[in-house]
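This report concerns only the one structure given below.
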2 protein chains.
Amino acid sequence: MSDNEPKHTDEDRGSYHHGDLRRALLDAMGAVVTREGIDAVSLRGLARMVGVAPSAAFRHFRDKRALVTAYSCEAINELVVTARAKRDAVEGDAVRFEAIILAFIGFAREQPQRFRALNRRELVDIEDLDWLQAGLAMDQLVFETLNRPDADANPRLQAARNLLAWAAVHGLVTLAMDGWISDADPDDPLGAPEISDAYRLLVALVSQGRGADVRF
Amino acid sequence: MSDNEPKHTDEDRGSYHHGDLRRALLDAMGAVVTREGIDAVSLRGLARMVGVAPSAAFRHFRDKRALVTAYSCEAINELVVTARAKRDAVEGDAVRFEAIILAFIGFAREQPQRFRALNRRELVDIEDLDWLQAGLAMDQLVFETLNRPDADANPRLQAARNLLAWAAVHGLVTLAMDGWISDADPDDPLGAPEISDAYRLLVALVSQGRGADVRF
DNA sequence: TCACTCATGTGATCAGTGATAACATCAGCT
DNA sequence: AGCTGATGTTATCACTGATCACATGAGTGA
């Protein structure tokens, strides 16, 4: 073969030395995060996986924080895209609201380590423009779905409902993911009947402004 | 002075070499956590603060995880004690419920780094007996307060309400603490009017089973 | 075609980390 | 008095993030 590669043995290949080391590092990081969580990520480990010297990573990321930020960015964007798609696939305010919630819960349940990494705000560079933009997109998605026109509601009450809904979903997901409540029931869509009950109550509250008349 | 101490210069003093190195390490850790967060804690750093060789710490803690576990234990126990005291200082189910919630929110707002450390479940040894017991005490406190006798309520609905309340409070606190929502308003008891609104809505929901008729 | 340049990767090295082992020391008991 | 065990020290290891000088090769312009 005429293209005698350097010492790399992996499936890199591309134009330059490595091809796209930045991508390769992010992909390797994805694998590590999925397998062992974001705290197990090390620059040297990623470099080893990709077959490159540790210092090479610093050509593409100023420091580890920048790497984590870029990873977080991509994860947020993916979450936003899939959530928006699921929301836009259905009609009706209440259903769309529910679709968004379920998209978040689904993401958290399918890729717990990835979702958990998203919320480790202290690990990212909160000045990073890409990251800020991704966060903005997520906020916008959430609020454009929650803040639906609701003629006869007091706007302040409506805001309170939305924040409470956001917090409750976040809390349910976080508590389950961190092991404070079990969500291992395979028969239940949300992992446990109690969680599903709480979720239904929440939906009823936000959709109808009431909760007492939910039937179980 | 007849008690010629070893080379320590600090305010240790006690019976043996150091006095109570275990305590001193935990106290030093408390200082670091409060100032810079739990991720900034290093065994060597603590040993340096206390004026002792790094390896000395391993005489009192099997590894770093054990140290963090012990710290978490003490923090949980303190939270439980103060929350229970605040709850028992008032009368009436609804008021006691609110007192517990406010105790948790207060702890989180007054000692954010400490509270955040509490929730880093992946950092502790979840087999540790002391830690398990502390967690049990907290669960018990929460549930003995939330699960008040409520004759005419469907138990499943009641459980859903309680879980939703727990999750919502946890979510509000977490979101605020992690900077997803601002809670820096000095005029508001919970840090921001939106948070207070959401909190009032939650209390109304859980206390009365409704939310639509809250006045703002 | 040739030389220049800049992006990319290498190797050596640094300080800091958790952890372990061999050694030293002191308290308290017999 | 002397033994023993708890406690602390010193030395060392493998690992981490980070930085430096240096090498190499892709692409460009003359």
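Residue numbering restarts at 1 for every chain, and letters A, B, ... go by the order of the sequence lines.
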Expressed as a whole number of angstroms, how long is the span from [X]:[atom1] to [N]:[atom2]?
| X | N | atom1 | atom2 | value |
| --- | --- | --- | --- | --- |
| A:Phe58 | C:dT10 | CZ | P | 14 Å |
| A:Arg62 | D:dA18 | CZ | C1' | 13 Å |
| B:Lys64 | D:dC15 | NZ | C1' | 14 Å |
| B:Leu67 | C:dT17 | CG | C1' | 14 Å |
| A:Phe61 | C:dG9 | CZ | P | 11 Å |
| B:Leu25 | D:dT7 | CG | P | 13 Å |
| A:Arg44 | D:dC15 | CZ | P | 10 Å |
| A:Leu46 | D:dT16 | CG | C1' | 12 Å |

(request) Remember a base hit wins even if backbone is also touched, and classify B:Ser42 as base, sugar-phosphate or nothing at under 4.0 Å, heavy atoms. (result)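 Contact class for B:Ser42: sugar-phosphate only.
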Of the nucleotides [options], which one has an atom closest to the side chain of [X]?
| X | options | result |
| --- | --- | --- |
| B:Ala53 | D:dG17, D:dG8, D:dT9 | D:dT9 |
| A:Ser55 | C:dT10, C:dA21, D:dT7 | C:dT10 |
| B:Arg59 | C:dG9, D:dT7, C:dG18 | D:dT7 |

(message) Give me the atom names and distance for the closest heavy-atom approach of A:Phe97 to A:Thr145.
(response)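 What the structure gives for the nearest pair is CA-CG2, 3.9 Å.
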(request) Could you tell me whether B:Gln133 atom CD has more than 12 heavy atoms of other residues or ligands within 6.0 Å of it? (result)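 Open.
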(request) Give a yes or no on whether A:Arg62 atom CZ has more than 12 heavy-atom contacts from other residues, nucleotides or ligands under 6.0 Å away. (result)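 No, not enclosed.
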(request) Report the C-alpha separation of A:Phe61 and A:Leu26 in whole Å, then their side-chain angles, then the decisive distance to 0.1 Å, and conclude whether the side chain to side chain contact (heavy atoms under 4.5 Å, CB included) test is met. (result) CA-CA 11 Å; A:Phe61 302 97; A:Leu26 285 172; 4.1 Å; yes
(message) Does B:Glu78 form a salt bridge (Lys or Arg N to Asp or Glu O under 4.0 Å) with B:Arg114? I'd like the steps, not just the answer.
(response) CA-CA 11 Å; B:Glu78 186 185 308; B:Arg114 194 122 167 274; 2.7 Å; yes
(request) Establish, with yes or no, whether the OP1 or OP2 oxygen of D:dT16 is under 4.0 angstrom from a side-chain nitrogen or oxygen of A:Arg48. (result)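 For D:dT16, OP1 or OP2 has a side-chain N or O of A:Arg48 closer than 4.0 Å.
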(message) Is B:His60 close enough to D:dA6 that one of its side-chain N or O atoms is under 4.0 Å from OP1 or OP2 there?
(response)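 Checking B:His60 against D:dA6: no side-chain N or O falls below 4.0 Å of OP1 or OP2.
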